[in-house]
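In what follows, chains carry the letters A, B, and so on, assigned in the order in which the sequence lines appear, proteins first and then strands, with residues in each chain numbered from 1. What you see below is based on every heavy atom in this structure, not just the backbone, and it leaves out hydrogens, waters and symmetry mates.
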Amino acid sequence: MAKDQQQISLTFPDGNARAYDAGVTPAAVAESISKSLSKKAISATVNGQHWDLQWPIEGDATVAIHTMQDEAQANELVRHDLAHIMARAVQEIWPDTKVTIGPVIEHGWYYDFDREEPFTPEDLGLIEKKMKEIINKRDPVRTEVWDRDVAIQFYKDRNEPYKVELIESIPGDEPLRMYWHGDWQDLCRGPHLQHTGQVPGDAFKLMSVAGAYWRGDSDRQMLQRIYGVAFTGKEKLKAHLTMLEEAAKRDHRKLGREMDLFHFEEVAPGSVFWHPAGWRVFQTLIDYMRRRQDAVDYIEVNTPDIMDRALWETSGHWFNYMDNMFLAQTHDDRDYALKPMNCPGHMMIYNHTLRSYRELPIKISEFGKVHRYEPSGALHGLMRVRSFTQDDAHIYCTPDQLFEECAKVNKLILSIYKDFGFEDVHVKLSTRPENRIGSDEVWDLSEDALRTTLEDANMNYTIFEGEGAFYGPKLEYVLRDAIGRDWQCGTLQVDYNLPERFGSTYVSASGEKLAPVMLHRALFGSLERFTGILIENWEGKLPFWLAPRQVVVASITSEADGYVQEVVDTLRKAGVQAEADMRNEKINYKVREHSLSKVPVILAVGAREVEEKTVSVRRLGQKQTSVQALTDVTAQLAAEATPPDLR
RNA sequence: GCUGCUGUAGCUCAGAGGUAGAGCACUCCCUUGGUAAGGGAGAGGUCGAGAGUUCAAUUCUCUCCAGCAGCACCA
């Protein structure tokens with residue numbers, strides 16, 4: 001049986017190379033290295049590609065064999081195999097269920113099914129149990145490459161229309177791979193583990209079931225998606241579940257209720273009723289932003305909330321977004337709409353007078369409240385609402401000034417985020433979309449301005465090809481919060497289009513009327529949403545200067561009431577937001593209540609403090625107290641109440 | 001908007017085909033207490049809205065509204 005077997009050279013991570021027969025599998029390679037490695041092996045990386053142990057290697061390559069110690073690969077395999085195991089379990093329990101796709105996602109996987117009956121939360125337990133049985137069977141995983149037509153016929157025979165559609169959409173030159181987990185098989189790109197027993201049976205959990213559209217298309221079939229999380233070990237699963245509990249504790253909707261910051265009503269879905277404490281945070285943000293913008297020559301304006309349809313037609317909103325606009329009916333035969341954006345109003349202000357190049361750049365800002373009829377399913381606490389306040393501004397400049405203005409906005413954004421404790425900022429750069437207006441030269445200019453801005457500032461960014469707005473490219477600023485969650489907040493967009501639509505001009509040095517370039521920018525984005533993010537980031541315990549309530553002065557005995565009032569007045573005069581608690585309750589009760597509502601400082605006063613003109617200071621989260629002179633405490637708290645830009 | 005689930009006192013929740021209960025909060029009384037719940041009494045609900053089935057509906061059915069999870073959307 002001797003034949004000319006072509007030899008290939010495989011290079012290992014330690015730099016050593018060995019010769020093997022062409023077509024050797026990583027499984028065989030692992031076995032040639034050591035028995036124990038062969039047992040522990042889960043997959044390989046071949047020439048940089050994650051490689052199934054069963055796939056043949058046909059040419060010279062670099063090869064690394066992975067074990068469960070290689071977290072990245074192990075997670076991917078475990079999650080991917082669990083997706084298959086779950087689909088198998090579901091089909092074993094409910095054979096009429098049709099399978100679709102089941103990808104790996106952050107922390108786990110999901111699988112979409114088509115089945116008449118909805119899955120219930122109890123079903124998840126059943127499925128989990130069945131999955132554990134499958135894992136315990138240690139069923140072998142094997143793979144084959146199939147002919148396209150055979151695969152299509154196979155799935156047609158099995159009445160799996162989604163798989164047929166999937167195969168039909170895979171490019172003809174791509175090999176079709178089938179995977180078996182025991183007797184159950186699925187079309188799959190791989191790679192996978194060697195047998196189901198390699199999946200840690202105690203490190204996964206089915207989390208939820210929810211609807212999801214087939215192929216993400218809202219015009220198509222709604223499927224049932226089951227989500228699972230999985231890790232390489234039980235401890236990691238536990239840590240993840242603990243993290244979820246921590247995140248739930250930070251939920252701004254829950255904290256908003258507990259801290260009495262705001263509420264919602266059925267009569268105004270998606271619109272906030274701000275309570276005094278919440279409104280104080282909101283106003284503190286606006287005051288802060290106003291100062292920061294004043295310092296760099298922004299001018300603040302205010303424009304109407306309700307404007308005629310004609311304006312929205314000019315801006316393009318009427319045709320593009322009418323379904324998402326609040327329309328106002330009146331008795332004067334005119335169509336009005338509540339503003340969904342501030343820019344058209346700012347165009348009116350820009351256009352109101354003749355502009356000279358000497359004035360540019362003009363930076364028009366507005367804390368405008370915009371109204372958008374968001375889909376009901378999109379509403380989510382403060383994070384997605386139907387009326388919200390933007391820290392919006394539009395910068396009108398000459399094309400020559402474009403880059404410099406972008407750089408200034410970028411600098412301002414970063415400096416502001418820093419003041420709020422967000423140092424980990426990532427930027428998304430979205431470039432020209434397929435469907436766009438304007439010449440390529442203009443797009444080159446706009447994109448260059450944004451890209452150069454980021455590169456000059458040494459910033460971390462990701463390019464999203466084709467994701468820009470139809471009128472121009474944009475930057476989106478993403479903050480990472482205290483527990484690693486990302487929030488998209490600020491945006492900076494270049495726009496050559498709107499000035500043209502509105503016929504905006506400026507008189508150039510040579511006396512010509514030219515069109516300005518316009519930048520749209522928002523730093524907090526939505527004040528409502530940013531407030532929500534702050535609440536979640538700090539778990540309600542906002543820094544003193546931002547805290548919804550700063551100080552409660554609590555009496556220990558009613559004999560101290562007069563002094564309590566004196567302390568409150570003193571603090572207020574010093575710019576500290578203080579309130580008195582002179583209720584007929586014990587100090588324990590008061591401390592508990594205000595601590596639960598996350599008041600950062602409680603000042604307790606009893607007979608001794610009255611006598612000595614002191615206060616007993618208790619900071620949120622600290623058990624020990626300290627008695628200090630009122631004058632010292634006032635100075636200290638006044639300093640802490642000062643916003644960072646004024647320190 | 002779509003799929004599923006949920007809607008009972010201000011909050012957190014229990015409950016059953018025969019028109020409702022707990023704890024906390026609230027009001028009043030006693031208590032003046034030194035850093036995370038002092039004691040007692042009281043008041044509070046068209047059981048999300050509408051329709052249907054039934055002798056009888058808050059409970060069962062349907063429609064609508066709102067919320068939750070996910071999907072889709074996000075100028």
Can you tell which of B/A69, B/G1, B/C26 lies closest to the side chain of A/Ser208? B/A69
I'd like the P distance from B/C11 over to B/C26, given in whole Å. 15 Å
B/U58 versus B/U53 - spacing of their C1' atoms, nearest Å: 16 Å
Just say parallel, tilted or perpendicular for the rings of A/His317 and A/Trp312, cut-offs at 30° and 60°. perpendicular
What's the closest nucleotide to the side chain of A/Pro375 if the choices are B/G34, B/U12, B/A72? B/A72
Would you mind classifying the nucleic acid contact of A/Ser218 as base, sugar-phosphate or nothing, using non-hydrogen atoms under 4.0 angstrom? sugar-phosphate
Of the nucleotides B/G34, B/A37, B/U3, which has the atom closest to the A/Arg608 side chain? B/G34
Which part of the nucleic acid does A/Leu596 contact within heavy-atom distance under 4.0 Å: base, sugar-phosphate only, or nothing? base
Over all strands shown, is A/Ala469 touching base, sugar-phosphate only, or nothing at heavy-atom distances under 4.0 angstrom? nothing
Is any side-chain nitrogen or oxygen of A/Arg253 closer than 4.0 Å to OP1 or OP2 of B/C68? yes
For the pair A/Phe422 and A/Tyr417, name the ring-plane relationship: parallel under 30°, tilted 30 to 60°, perpendicular over 60°. perpendicular
Using a heavy-atom cut-off of under 4.0 Å over every strand shown, decide if A/Phe470 touches base, sugar-phosphate, or nothing. nothing
Answer with yes or no whether A/Ser558 presents, from its side chain, a donor or acceptor under 3.5 Å of a partner atom in the base of B/U32. yes
What's the closest nucleotide to the A/Glu609 side chain, out of B/C74, B/G34, B/G70? B/G34
Checking all strands, does A/Pro340 fall into the base, sugar-phosphate, or nothing category for heavy-atom contacts under 4.0 angstrom? base
For A/Asp217, answer base if it contacts any base atom (sugar-phosphate contacts may also be present), sugar-phosphate if it contacts only those atoms, and nothing otherwise; contact means non-hydrogen atoms under 4.0 Å. nothing
With heavy atoms under 4.0 Å as the rule, sort A/Asn588 into base, sugar-phosphate or nothing. sugar-phosphate
Has the side chain of A/Arg220 got a donor or acceptor that lies under 3.5 Å from a partner of the other kind on the base of B/A72? no
Select base, sugar-phosphate, or nothing to describe what A/Tyr471 touches, counting heavy atoms under 4.0 Å on all strands. sugar-phosphate
Between the base of B/G1 and the side chain of A/Tyr373, is there a donor and acceptor pair under 3.5 angstrom? no
Can you tell which of B/U12, B/U32, B/U35 lies closest to the side chain of A/Arg257? B/U12
Who pairs with A/Phe470 by ring pair (Phe, Tyr, Trp, His ring centres under 6.0 Å), at least two apart in sequence or on another chain? none
Check every atom of B/C26, B/G33, B/U35 against the side chain of A/Lys586 and return the nucleotide holding the closest atom. B/G33
Give A/Gly316 one of three labels, base, sugar-phosphate or nothing, depending on what nucleic acid heavy atoms sit under 4.0 Å from its own. nothing
Answer with base, sugar-phosphate or nothing: what part of the nucleic acid does A/Ala607 contact at a heavy-atom distance below 4.0 Å? base
Answer yes or no: side-chain N or O of A/Arg384 and base N or O of B/C74 forming a donor-acceptor pair under 3.5 Å. yes
A/Ser595 has its side chain closest, among B/C73, B/A36, B/C11, to B/A36
Write down the distance separating the P atoms in B/A72 and B/C55, rounded off to the nearest Å. 49 Å
Can you name the side chain to side chain donor-acceptor pair (under 3.5 Å) partners of A/Thr242, sequence neighbours left out? none
For the side chain of A/Met222, counting heavy atoms from C-beta on, which of B/C2, B/A72, B/G4 is nearest? B/C2
With the side chain of A/Tyr213 defined as its heavy atoms from C-beta on, choose the nearest nucleotide among B/G70, B/A37, B/G1. B/G1
Measuring to OP1 and OP2 of B/G4, would you say a side-chain N or O of A/Tyr227 lies under 4.0 angstrom away? no
Give one of base, sugar-phosphate or nothing for A/Arg618, where a contact means two heavy atoms less than 4.0 Å apart. base
So, A/Tyr589 and B/A36: ring centres less than 5.5 Å apart, planes less than 30° off, yes or no? no
Please state whether the rings of A/Phe273 and A/His263 are parallel, tilted or perpendicular, taking 30° and 60° as the class boundaries. parallel
Could you check A/His426, A/Glu476, A/Lys428 and say which one makes a side chain to side chain donor-acceptor pair (under 3.5 Å) with A/Thr462? A/His426
Residue A/His317, side-chain atoms from C-beta onward, closest of B/G1, B/A66, B/A75: B/A75
If the plane angle is over 60° it's perpendicular, under 30° parallel, otherwise tilted; pick one for A/Trp274 and A/Phe262. perpendicular
Closer than 4.0 Å, any side-chain N/O of A/His380 to the OP1 or OP2 of B/A69? yes
